[in-house]
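Working notes, structure below.
Counting from 1, the numbers follow the sequence of the chain as shown.
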Amino acid sequence: MAVPRWATGLIALTLASSVVAQTADTPRARGSLNASLTGDIAPVHDPVMIRAGNIYYVYGTGLDGQMLSARTSPDLVHWTAGMPPFASLPDWATKAVPGTKGMWAPDISRSADGRYRLYYSVSTFGSNRSAIGLATSPTLDPKAPGYGWRDEGLVVMSTPKDDFNAIDPNHVVDAQGREWLSLGSFWTGIKLFALNPKTGKLLDPAAKPHAIARRPAPAGGPAPVEAPFIVGHGGYYWLLASYDYCCKGVNSTYYTVVGRSKAITGPYLGKDGSAMMQGGGTIFLRADLQEKQRYRGPGHPGVMHDTDGKDYVVYHAYDSQTKGTPTLRIAPIAWGADGWPVAENRP
């Protein structure tokens, strides 16, 4: 069984020989992470975060000619650009998606056998001829013995004949130990596929996926929903997804909603009972409506459960003070008395 990135902090607690000290006057303890982030935090797009030992790793969409980006931090505050996990696309990807030039929107988890699984997307902008691939490595540290990402090949693909877009993967393990991959961007929304826990590939390639979120629109109209992430908490599964438009700098209208369900396959409902299959949910991340906030279009979230028991959401937003550069953002999550998550101290 693989372990999703939101749960890897629990594993790190048992594996690490020491833990980063947390004191009352640290930025993390104060919950002011975003105001304290420093170092190589831009450009970062579609980030995902995991902890291995005493080091935090963030991977993101490849920008500036990279396949994927990589950053590390000892404390969640100070970030350093690291070695990208890939130098080029595997041959199968360039054949499956002609014209693709990079890797997008990664997802990271750790298997019971100790290998890390890195899912990633290959596509071209605005097309659903897309594919999700998988690579594995025994360690995340490029300096460690045995480091190296092994291509495991294609996981799932979409073509213009399909009603979904195979990008933005997110791996999750349910309460019964079953493994799943959620994915999707636009078209008819977010889908959920069952995985084979031994291979990380589809359990049944012929099986129809579960539909778990969509944005209904008139025929031919845009239906912007993407970047799913599922986390378990308090007896529920929580689905985060980004609505509206990314990738437009300060004009991006991206925001993130959340819904919950007792079953991993849904239905996911917002706090007001609105269904995410009908474009509903509860707002989780959004820039202020007056557009005075520095960071615009917060979205593409991922959740990590740390060794101190705290949950964090990692995402990107566009910095209005640097001409809309996509920038790394991290916020602590508080679970309210009503059971719902709130991202704290977001700016």
Side-chain angles (χ1 to χ4, degrees), residues 1-5 8 46 48 50 57 59-62 65-70 83-125 127-140 142 146-162 164-173 178-185 187 190-210 226-229 302:
M1 182 181 74
V3 179
R5 61 183 184 259
T8 52
D46 308 327
V48 58
I50 192 171
Y57 293 81
Y59 299 99
T61 286
Q66 293 182 345
M67 293 296 102
L68 293 175
S69 65
M83 179 187 296
F86 307 102
S88 62
L89 284 164
D91 289 342
W92 70 261
T94 57
K95 294 175 182 177
V97 187
T100 188
K101 298 184 182 302
M103 294 177 174
W104 301 350
D107 184 83
I108 187 75
S109 58
R110 189 169 184 267
S111 298
D113 64 3
R115 293 187 69 86
Y116 291 90
R117 290 180 180 172
L118 186 62
Y119 292 92
Y120 58 89
S121 317
V122 291
S123 187
T124 56
F125 200 81
S127 168
N128 78 324
R129 186 174 184 87
S130 308
I132 290 171
L134 173 63
T136 64
S137 176
T139 177
L140 300 181
Y147 172 82
W149 290 98
R150 183 175 72 199
D151 174 33
E152 305 289 357
L154 175 70
V155 177
V156 59
M157 183 172 179
S158 60
T159 73
K161 295 180 180 180
D162 295 304
F164 66 93
N165 190 12
I167 67 172
D168 296 356
N170 166 236
H171 168 262
V172 60
V173 181
R178 297 173 301 180
E179 299 192 21
W180 306 83
L181 192 74
S182 65
L183 57 84
S185 174
W187 274 261
I190 307 302
K191 310 298 181 184
L192 184 69
F193 291 80
L195 294 180
N196 181 325
K198 293 183 179 180
T199 65
K201 304 290 190 69
L202 296 188
L203 184 63
D204 179 1
K208 185 177 180 180
H210 300 272
E226 59 186 11
F229 192 99

Measuring only between side-chain heavy atoms, which start at C-beta, is [X] closer than 4.5 Å to [Y]?
{"X": "Leu118", "Y": "Pro85", "value": "yes"}
{"X": "Leu203", "Y": "Leu195", "value": "no"}
{"X": "Leu140", "Y": "Tyr59", "value": "yes"}
{"X": "Leu183", "Y": "Tyr119", "value": "no"}
{"X": "Ser182", "Y": "Leu192", "value": "yes"}
{"X": "Trp180", "Y": "His210", "value": "yes"}

Pairwise distance [atom1]([X]) to [atom2]([Y]) - rounded to 0.5 angstrom:
{"X": "Leu202", "Y": "Met157", "atom1": "CG", "atom2": "CE", "answer": "13.0 Å"}
{"X": "Thr61", "Y": "Leu68", "atom1": "OG1", "atom2": "CG", "answer": "7.0 Å"}
{"X": "Arg117", "Y": "Leu134", "atom1": "CZ", "atom2": "CG", "answer": "6.5 Å"}
{"X": "His171", "Y": "Arg110", "atom1": "NE2", "atom2": "CZ", "answer": "13.5 Å"}
{"X": "Thr136", "Y": "Arg150", "atom1": "OG1", "atom2": "CZ", "answer": "4.0 Å"}
{"X": "Phe125", "Y": "Ser127", "atom1": "CZ", "atom2": "OG", "answer": "11.5 Å"}

Quick one: does any side-chain atom of [X] pair with a main-chain N or O of [Y] as donor and acceptor, under 3.5 Å?
{"X": "Ser130", "Y": "Ala166", "result": "no"}
{"X": "Arg129", "Y": "Ala96", "result": "yes"}
{"X": "Asn128", "Y": "Thr159", "result": "yes"}
{"X": "Ser111", "Y": "Asp113", "result": "no"}

Between Asp168 and Ser185, does any side-chain donor sit less than 3.5 Å from a side-chain acceptor? no

Return the minimal non-hydrogen interatomic distance between [X] and [Y], and the atom names on each side.
{"X": "Ile132", "Y": "Pro169", "result": "CD1-CB, 3.7 Å"}
{"X": "Ser123", "Y": "Trp104", "result": "CB-CZ3, 3.6 Å"}
{"X": "Gly148", "Y": "Arg115", "result": "O-NH2, 4.5 Å"}
{"X": "Asp162", "Y": "Trp187", "result": "O-CD1, 4.2 Å"}
{"X": "Val97", "Y": "Thr124", "result": "CG1-N, 4.4 Å"}
{"X": "Ile190", "Y": "Pro228", "result": "CG2-CB, 3.5 Å"}

Before you tell me yes or no, could you show the steps for Tyr57 and Tyr116 under ring-ring contact (aromatic ring centres under 6.0 Å, His included), namely the whole-Å CA-CA distance, both residues' side-chain angles and the distance that decides it to 0.1 Å? CA-CA 12 Å; Tyr57 293 81; Tyr116 291 90; 7.9 Å; no

Using side-chain hydrogen bond (donor to acceptor under 3.5 Å, both in side chains) as the criterion, list what pairs up with Thr100, not counting sequence neighbours. none

Residue that, paired with Pro90, satisfies side-chain contact (heavy atoms from CB on, under 4.5 Å) out of Met103, Lys95, Glu152: Met103

